[in-house]
Structure formats: C-alpha cells, structure tokens
Engineer: 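What follows is a structure written as structure tokens; I'll ask about it next.
Whatever order the structure lists ligands and atoms in, that order sets their numbers, starting from 1. Predicted model, so just to flag it, every value in this text is computed and none were measured.
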Amino acid sequence: MMPRAQFTVQSSRRTEILDITDEVAARVAEMRVDQGLACVNVAHCTCALYVNENESGLVADTLRLVEEMSRRDDWRHDRIDDNAAAHLAASIIGSSVVLPVAGGRVELGTWQRIMLLEMDGPRRRRVTVQVVADGR
Ligand code: ZN
C-alpha cells in the first residue's frame, strides 16, 4: 500500500470541531511504515487542523474564539464571501499537522487528539494523510 490515504469528513454546522484521531490512526496503521512522519492535511481555506485535548470546555472555548472573530463586521473579505473570519482562523491555526510515526503507529501524547475545526460548514472536507518513511 502507498503511504497515502484520503477520507472525507462531513460537518453538520457552521462551526464545529470534529475529532479525527481514530480515522487518521487507522489509516497510518494500514500503511505499515515502521518509523517516519505523518502529514495530515485538510485541503480547504476555511477549515483547520490542530492537535489538542478533546475536552468539552476546551472545544467550546475554541469555537468561542472563532465565533468572536466572526462577530466583527468590518473584514474586507466579507464583502464578497461573508466568511473572512473562517479564512483568518484557518491561516492562523493552519491546515496541516505533522506527527511522528513510531512502531507503525502515529505517536500522540496521552491527551492529544487530532481535531478538525470547521468554520464555514456544513461542508464535506477532504483530509489527506501521507507518511514519509524514515529511510535509514
Ligand atoms: Zn471566502
């Protein structure tokens, strides 16, 4: 199997946070790469990926930050698309995360989860997982 996989995530609200850790971990495990780096990317401009705890209060706080950005009514991009805050948050947070792969598995801390932050949903989002094997 090529060390690359894609899957889609369907959001159901304008702003929403979805835990994609299990999906990513399953795809990485299938690739049978012992050691290397996994790049997880979401190929969209109004959606982001980050690694942090999936704790309900923190999830709500993260959504609140994004929603507070969108409460401003003077973003220039809103003149054409009404989703400037989503673009800005995506730029700041980022569209990809890189994680170590060890023993054939993506390595995360005890409380670390891979989270997809939807900011312009509901939409179907495409996630790519690509692993670069350590060639030594
Ligand atoms: Zn836009």
Side-chain angles (χ1 to χ4, degrees):
M1 171 180 281
M2 291 290 290
R4 176 181 165 87
Q6 286 188 320
F7 61 91
T8 58
V9 176
Q10 177 68 52
S11 60
S12 56
R13 288 190 285 277
R14 175 89 195 239
T15 58
E16 184 174 17
I17 294 176
L18 298 159
D19 187 332
I20 63 167
T21 311
D22 293 345
E23 187 82 54
V24 172
R27 301 306 170 103
V28 171
E30 284 168 14
M31 292 176 194
R32 304 194 181 286
V33 170
D34 185 51
Q35 279 202 73
L37 291 174
C39 178
V40 187
N41 185 66
V42 63
H44 304 275
C45 293
T46 55
C47 180
L49 291 183
Y50 68 89
V51 172
N52 215 310
E53 206 170 320
N54 185 4
E55 185 278 320
S56 61
L58 184 61
V59 166
D61 292 341
T62 305
L63 289 172
R64 188 176 142 202
L65 265 181
V66 172
E67 281 153 12
E68 281 174 2
M69 282 178 72
S70 62
R71 220 166 279 141
R72 275 181 70 151
D73 61 0
D74 59 347
W75 298 121
R76 294 184 183 192
H77 181 69
D78 284 343
R79 290 181 302 196
I80 61 160
D81 209 11
D82 200 31
N83 62 358
H87 286 277
L88 292 167
S91 298
I92 293 164
I93 298 163
S95 57
S96 63
V97 294
V98 175
L99 295 161
V101 174
R105 306 208 162 265
V106 68
E107 204 169 58
L108 287 162
T110 306
W111 301 107
Q112 283 187 314
R113 305 292 292 177
I114 307 165
M115 311 295 276
L116 184 147
L117 171 56
E118 172 63 77
M119 295 172 286
D120 197 26
R123 283 174 192 253
R124 184 175 289 276
R125 302 300 197 170
R126 191 170 78 251
V127 177
T128 301
V129 182
Q130 183 141 5
V131 173
V132 180
D134 185 341
R136 287 175 296 171

Engineer: Any salt bridge between R113 and D22, counting N to O under 4.0 Å?
Structural biologist: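 Looking at R113 and D22, the cut-off is met.
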Engineer: May I ask you to decide whether E118 forms a salt bridge with R123, counting only side-chain N to carboxylate O separations under 4.0 Å?
Structural biologist: no
Engineer: Under 2.8 Å from the Zn ion (ligand 1), which protein N, O or S atoms do you find? Ignore water molecules.
Structural biologist: H77 NE2, D81 OD2, N83 OD1, H87 NE2
Engineer: Whether the side chain of D78 engages the backbone of D73 through a donor-acceptor N/O pair (distance < 3.5 Å, no angle test) should be reported.
Structural biologist: no
Engineer: Quick test of your reading of the model: are R27 and E23 salt-bridged, counting only N-O distances below 4.0 Å?
Structural biologist: yes
Engineer: Got a donor-acceptor contact below 3.5 angstrom from the W75 side chain to the L88 backbone?
Structural biologist: no
Engineer: Applying the 4.5 Å side-chain criterion to the ILVMFWY set and letting contacts propagate, would L116 and V59 be lumped into a single cluster?
Structural biologist: no
